[in-house]
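Everything below concerns the one structure shown next.
FYI, side chains are in, hydrogens and waters are out, and symmetry mates aren't considered; it's all heavy atoms of this structure. All chains are named by letter (A, B, ...) in the order of the sequence lines, taking the proteins before the strands, and each is independently numbered beginning at 1.
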Amino acid sequence: MKLSEIVEVLELKIELSQDIEIEKINTLKDAKDGEISFLQNSKYSSELKTTNASAVLLSPKDAKYIPEKTIPLLVDEPYIALAKLSKYFATPLEISEESRVKPEIGEESVIAKNVFLGSNVKIGKGSQILHNTYIGDNVVIGDYSIIYPNTTVYKETIIGNSVIIHSGTVVGSDGFGFATTKHGEHIKIYQNGNVVIEDGVEIGSNTSIDRAVFNSTFIRKGARIDNLVQIAHNCDIGVGVVLAAQSGVAGSSKLGRNVVMGGQSGITGHVRIAPFSTITARSGVTKSIKTSGRYWSGFPAVEHKNWLKLQAKISKFFNKG
Amino acid sequence: MKLSEIVEVLELKIELSQDIEIEKINTLKDAKDGEISFLQNSKYSSELKTTNASAVLLSPKDAKYIPEKTIPLLVDEPYIALAKLSKYFATPLEISEESRVKPEIGEESVIAKNVFLGSNVKIGKGSQILHNTYIGDNVVIGDYSIIYPNTTVYKETIIGNSVIIHSGTVVGSDGFGFATTKHGEHIKIYQNGNVVIEDGVEIGSNTSIDRAVFNSTFIRKGARIDNLVQIAHNCDIGVGVVLAAQSGVAGSSKLGRNVVMGGQSGITGHVRIAPFSTITARSGVTKSIKTSGRYWSGFPAVEHKNWLKLQAKISKFFNKG
Amino acid sequence: MKLSEIVEVLELKIELSQDIEIEKINTLKDAKDGEISFLQNSKYSSELKTTNASAVLLSPKDAKYIPEKTIPLLVDEPYIALAKLSKYFATPLEISEESRVKPEIGEESVIAKNVFLGSNVKIGKGSQILHNTYIGDNVVIGDYSIIYPNTTVYKETIIGNSVIIHSGTVVGSDGFGFATTKHGEHIKIYQNGNVVIEDGVEIGSNTSIDRAVFNSTFIRKGARIDNLVQIAHNCDIGVGVVLAAQSGVAGSSKLGRNVVMGGQSGITGHVRIAPFSTITARSGVTKSIKTSGRYWSGFPAVEHKNWLKLQAKISKFFNKG
């Protein structure tokens, strides 16, 4: 999309000295040349100063922080402008039947009846896709993977080798993203990223893994995800992580290798969890965990040993009288 | 169904002075002329006094409160009688293939392969129903709506314009209703209502929205519902409400406009939540919230600022010693 | 599988005095003649002493407890050996199309379009299997049962009469079982058991019920299970039990008759809950409950009346100052 078209669809009153092609929306941190970004909160102005984005949507008050080579697009509400713009970067829901590229399917892979394979799907050898499963456009699945019946894999998902996904699980549905106007109306932020599931991962039934808003949601090698688990957009679930049933991870959080989450536990968004941390069942983590290898309990979660002590003290104190 | 037939199927020993047609079971409050209702708990006898129902199932002890024009059907256990009767008011699971009325589908709407469209389905223009989705009898879907693959929309659901429903979501499954006998046996209360989803709503993946027992479960304009959310029968989810992943609302609760529920939070049944209330992540609301615009935390939920203070005090008190 | 083949696939350096046929892996307690078992934790050595297993995988240190007639298979890590072995006892994902045994379907049962019926499926009379549902190999379904659209029933599941299963529910997916090596790698323990659902059970939408690792996961007569509920492998959900939405039961727990779990509550693994216990909404039970008929609240759950008192004391104490 041309920058001039962006100026037009957002109805901006600015004159461009040069027109360029914009390929993608991205964060200030990750944006490269040829990409557009946004600054909603002045708190992150340091990221603006060092961004490589070619253009940035931002408030007039933050314009002073913009790097010389970056084009400022001044708007009253950058997040609303981002939402409006995101729609134009969305790929079609499905490529029309006439234009579909035939799937490539490796030796000894079995595609059951009533499986839908979208355009340009690539499946390795020895994989099995069971009945009534949906595989969207441009999905890649490796060797010896099993997708159980009634599973949904949205477009552009990348799945490695020896992955198992159980029935009812949805991979790549839209992240929960919207900008809310002053009048309480929500404007969808199109989720133009994807999901990447690495080798050896097993995912239970009725789990939801959302695609990234930009870039990818990652499930790293050998992770084990149980039933009814929620993984929000842009999470990075580390190597060998174990997520028990009904646990949930909010958006953009990053779990180090071999983190364990007990059943019905939760982790808030935008935090990092040190490797080998264990979040016990029904606990809720509200901050990053920086020391690895410890147990965490309660809500807001504290170190398990301290939680035990606190519970014991509360019981003792109040039961004595 | 004739009132005389109701007397017969419930094996009541009463003589009717007149026979009338009963069209529906309803609550005492909502019942109109030609409808039957029930009183299980004397606590609600004031609703009996003012009901417009043509007949009411009730215990002999409550008979004195019945309005003059309403016919009393005396039973030992009104709720059990209601459950037994509900079956007779259920529409068929699916209209038989021969009797099906052909769907009406608007211009530029796309119905993918292996989508099932029941009898008398109406779909507006520009909508897309993706693969392996089930659309039950008498469902209405408006314009420019998207139903992702492997979604299930039960009979009689009404969906507006520009609605998005992600994969694995089930709309209109039976509410969790039954009457339990003294012997611990559960008798199903057939859920004869439906679900109404208004314009501009987006619903994530693997979410469950139950049909009403009578009347409708409502999802109002522009609401945003995330993945793995539970919405029980007869809820009314207000305009612009935001329900984050794994949150749940129990039966018959009413959320005012722009209420926000954080991830893994819950609201009990039969309460009202004032507009612009925020229920923080992992909190559980056990009572109606009457003042709008506040934050609520903990379980049982209290005002967020008080919860923070209480948490701080507990920590300080027990950690000093 | 011959015992000599087991010795071979596990690369054990032992010489067998006799070779026997091993039919199944099982627990020490449940194993019969012709079955193999394992002892991971010396704590359970009493179960080793009385086992009827024909062979047991165990550490050299526990060899002294083995009964005379049982063959010891000494390994460094019995649980890892079990995981490696479990794969060889798994039945095929699906019997190949050529070898499939035609389903037996009773009078007046209706199988909708795009339903997949695996090999050797047996369905009684008057049952309805709705669209896009998957019924795996060797599944048995009784009379007058209803399986709603987009439901998945894995191989070998047994479903009784008058059972209702709502859309999106998955019955018989693999339990969450793996052995973790010292290097943090997870080795799948194949789940070779099944699920048994007795007569008169109703299950809501998007619920997950896992198959047993060995033997069966049971849902007993007349139980009522709501939406988005997690039931892990080897649970035994008693007669008339009620599980409200988003509740979860971890592996191998046994709920007595008419136990009630409120919404978003949880029960840990390997415990027994006495009949007629009520676990209130959002509570978490961490131990067996031995006295029947009581209410339990909080996390870790205590008797409801004590929880109420404790909450009141905490509030009073901290709010006075």
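Between the side chains of S173(B) and S167(C), no donor N or O sits under 3.5 Å from an acceptor N or O.
Taken from CD1 in I135(B) to NE2 in H131(C), the straight-line distance is 12.0 Å, to the nearest 0.5 Å. Within the model, atoms OG of S205(C) and CD1 of I209(B) stand 9.5 Å from one another, a figure rounded to the nearest 0.5 Å. Between the CZ atom of F116(B) and the CG atom of N114(C) there is a distance of 10.0 Å, given to the nearest 0.5 Å. Taken to the nearest 0.5 Å, the OG1 atom of T152(B) stands 8.0 Å off from the CG atom of N132(C). To the nearest 0.5 Å, atoms OG1 (T268(B)) and CD (Q264(C)) are separated by 10.0 Å. Atom-to-atom distance recorded for D174(B):CG and I203(C):CD1 is 13.0 Å, nearest 0.5 angstrom.
The contact between I225(C) and chain B is made entirely by backbone atoms, counting heavy-atom distances below 4.5 Å. Of the two parts of V302(B), neither the backbone nor the side chain holds a non-hydrogen atom closer than 4.5 Å to a non-hydrogen atom of chain C. Interface remark: T133(B) contributes backbone atoms only to the contact with chain C (heavy atom separation under 4.5 Å). Interface residue E94(B): only side-chain heavy atoms are found under 4.5 Å from chain C. For T181(B), no part sits under 4.5 Å from any heavy atom of chain C, backbone or side chain. When heavy atoms are compared at a cutoff of 4.5 Å, K309(B) does not approach chain C at all.
Panel note: side chain D226(C), backbone F176(B); no donor-acceptor pair is recorded below 3.5 Å. Of the possible donor and acceptor atoms, one in the side chain of R282(C) sits under 3.5 Å from a partner among the backbone N and O of R282(B). Using modelled atom types, one side-chain atom of N150(C) and one backbone atom of T151(B) make a donor-acceptor pair closer than 3.5 Å. Of the possible polar contacts, none joining the R224(C) side chain to the F178(B) backbone as a donor-acceptor pair under 3.5 Å is found. For the pair N206(C) (side chain) and G168(B) (backbone), a donor-acceptor distance under 3.5 Å is present.
For R100(C), the CZ atom counts as densely surrounded, since its 6.0 Å shell holds more than 12 non-hydrogen atoms of other residues, nucleotides or ligands. In Y295(C), the OH atom is not crowded: 12 or fewer heavy atoms of neighbouring residues, nucleotides or ligands sit closer than 6.0 Å. Within 6.0 Å of the NZ atom in K84(B), the count of heavy atoms belonging to other residues, nucleotides or ligands does not exceed 12. Y88(B) OH: 12 or fewer foreign heavy atoms inside a 6.0 Å radius.
When each of N258(C), V239(C), L228(C) is checked for heavy-atom pairs under 4.5 Å with chain B, L228(C) comes out on top. No other option in H166(C), K221(C), E202(C), R257(C) has as many heavy-atom pairs under 4.5 Å with chain B as H166(C).
Contact annotation: the side chain of L93(B) never approaches that of V110(C) to less than 4.5 Å [non-hydrogen atoms, C-beta and beyond].
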